[in-house]
There are 2 protein chains.
Amino acid sequence: MTSTYEFPRPALTVDCVVFGLDEPDLKVLLIRRELEPYRGKWALPGGFVHVDESLDDSAKRELREETGLEKVFLEQLYTYGDVDRDPRERVVTVAYYALVRLSDHRVVAATDARDAAWFGVHDVPRLAFDHDRILNAAYQRLQNKVRYEPIGFELLPRKFTLRQLQRLYEIILDRSLDKRNFRKKILGMDVLEELDEVETDVAHRAARLYRFNQKRYREMVKQGVNFEI
Amino acid sequence: MTSTYEFPRPALTVDCVVFGLDEPDLKVLLIRRELEPYRGKWALPGGFVHVDESLDDSAKRELREETGLEKVFLEQLYTYGDVDRDPRERVVTVAYYALVRLSDHRVVAATDARDAAWFGVHDVPRLAFDHDRILNAAYQRLQNKVRYEPIGFELLPRKFTLRQLQRLYEIILDRSLDKRNFRKKILGMDVLEELDEVETDVAHRAARLYRFNQKRYREMVKQGVNFEI
DNA sequence: GCAAAAGTGTTGTGGGTACACCCATGT
DNA sequence: ACATGGGTGTACCCACAACACTTTTGC
């Protein structure tokens, strides 16, 4: 940055790829556009960055305004700045991805008059702008990240069974895992608290419930423990 | 993106963390600021994004203009958008990092009238703006990335000895590696071509030269081979 | 002949993977 | 009693880590 010469400025937006687990599917939240261009097409929730708020705050605000979601896991993904990605004018967008507990946030869909819906991640229609590309990048990031950081818990209820957790990994990674090895590994990490509760309303033996111990996890990370699945 | 309402826009810049290998040090290229704020302080090379060029192109152009570097490895790092990161006005910056072959690009330093210099990565002064933070993030990214992608070759001459390669990894990762294990591993990956040449002008037995085979690497990646060091 | 780095194999161990059965519960 | 998933242990194999000496070359 060497000059304060006033260039015409690109517009700046944020867009969010919101993932939710709806067993047995991983879903993504999309919004139907009411305006041109791409009117009627599905798109990622997002909007302009205000001049007095940080990028993270923009993403949080947009999520709240467009989907009613609050306090979800949110992480910056990548910034997309191809010249022609918006036909109207130059728009650079900072993409985020979010993980939400559908168990906490039921019926997020119909906020305002806006048309919002969850789509299976393998079953998404053609999106507006370059949002397909952004969605793919987010999904890949999630697949990579979940393997060495325990972010998957953000998608599960706070209390969950080991089977649920394994399913989650299987769904995200799109491959099956061995039950015994999975349990050995995940319990060996020592970040799950075994609760004195079991699941209810199941037509078979009830499984034990566990909770993720974030504090313990942070301590272990500090000690350099590896959390690769 | 749901409205075309015209907000006041943040300014948008790119900043580059340029790494170069100057054995036995990993160095970073910095520019001394000639203007307020932070006049006289060292900062990352960078500048405003033009409205008719992509972010990648902006980064390339800034590198060329400010440092004379062309055709270097360049990758987007992260976008920094805290409200007060620039005291003059709201500026969002898309940070990149670059890897350059100092062997190809000697004496980059004094381009134009600008004051540019290479600093050891562990020996960088306090930088302008939030550039310290950006530099740290870039260094961490490099450390992580070099472990599972062969980007380190971008820092070496096209022909190099195994010792040079090992030193590179040791410098970047900041720890020593076992010679035999390193050679076994790296040769086992089958992406190095053994040349019929040896190094010259050394006061001891000359080491064989190798070349990185990018094409072969890409093929192997497609087959899902793992390149973790 | 000496200094300096090149080059080369083996062994132990820990972690990953593959694999099958009995148990508890609800209907 | 049966169906459904819960819960558990072992054996093999491979990849990684640790480790030291001989060879080549220039001076």
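Order of the sequence lines fixes the chain letters, A, B, ..., with proteins taken first and strands second; residue numbering starts at 1 for each chain.
Using a cut-off of 4.0 Å between Lys/Arg side-chain N and Asp/Glu carboxylate O, A/R101 and A/E154 are scored as salt-bridged. A salt bridge is absent between B/R163 and B/E199: the closest approach of a Lys/Arg side-chain nitrogen to an acidic carboxylate oxygen does not fall below 4.0 angstrom.
Rounding to whole angstrom units, CZ of residue B/R175 and C1' of D/dA17 are separated by 11 Å. A/F182 has its CZ atom 17 Å from the C1' atom of C/dA18, to the nearest Å. For the pair B/L192 CG and C/dG7 P, the interatomic distance rounds to 13 Å; values are reported in whole Å. The distance from atom CG of B/D201 to atom P of C/dA5 is 15 Å, rounded to the nearest whole Å. Regarding A/I186, its CD1 atom lies at a distance of 12 Å from the P atom of C/dG16, rounded to whole Å.
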Q: Mark up nucleotides 19-27 of chain D, 5' to 3', with B wherever a protein heavy atom is under 4.0 angstrom from a base atom, S wherever such an atom reaches only the sugar-phosphate, and - elsewhere.
A: BB--BBBS-
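With A/Y38 as the partner, the side-chain contact (heavy atoms from CB on, under 4.5 Å) test is satisfied by one option alone out of A/R126, A/H131, A/R33: A/R33. Just one of A/K60, A/R61, A/R64 meets the salt bridge (Lys or Arg N to Asp or Glu O under 4.0 Å) condition when paired with A/E70; it is A/R64. Only one option out of A/L77, A/D56, A/I134 pairs with A/Y96 in a side-chain contact (heavy atoms from CB on, under 4.5 Å); it is A/D56.
Between B/Y80 and B/F129, the ring centre distance reaches or exceeds 6.0 Å.
Of the residues in residues 222-229 of chain B, not one comes within less than 4.0 Å of DNA chain D through any heavy atom.
Rounded to 10 degrees, the angle separating the terminal helix axes of the helix from C/dG1-D/dC27 to C/dT27-D/dA1, each built from five base pairs, is 0°.
Of the residues near DNA chain C, B/R183 and A/K185, the one whose nearest nucleotide (by heavy atom distance) lies more toward the 5' end is B/R183.
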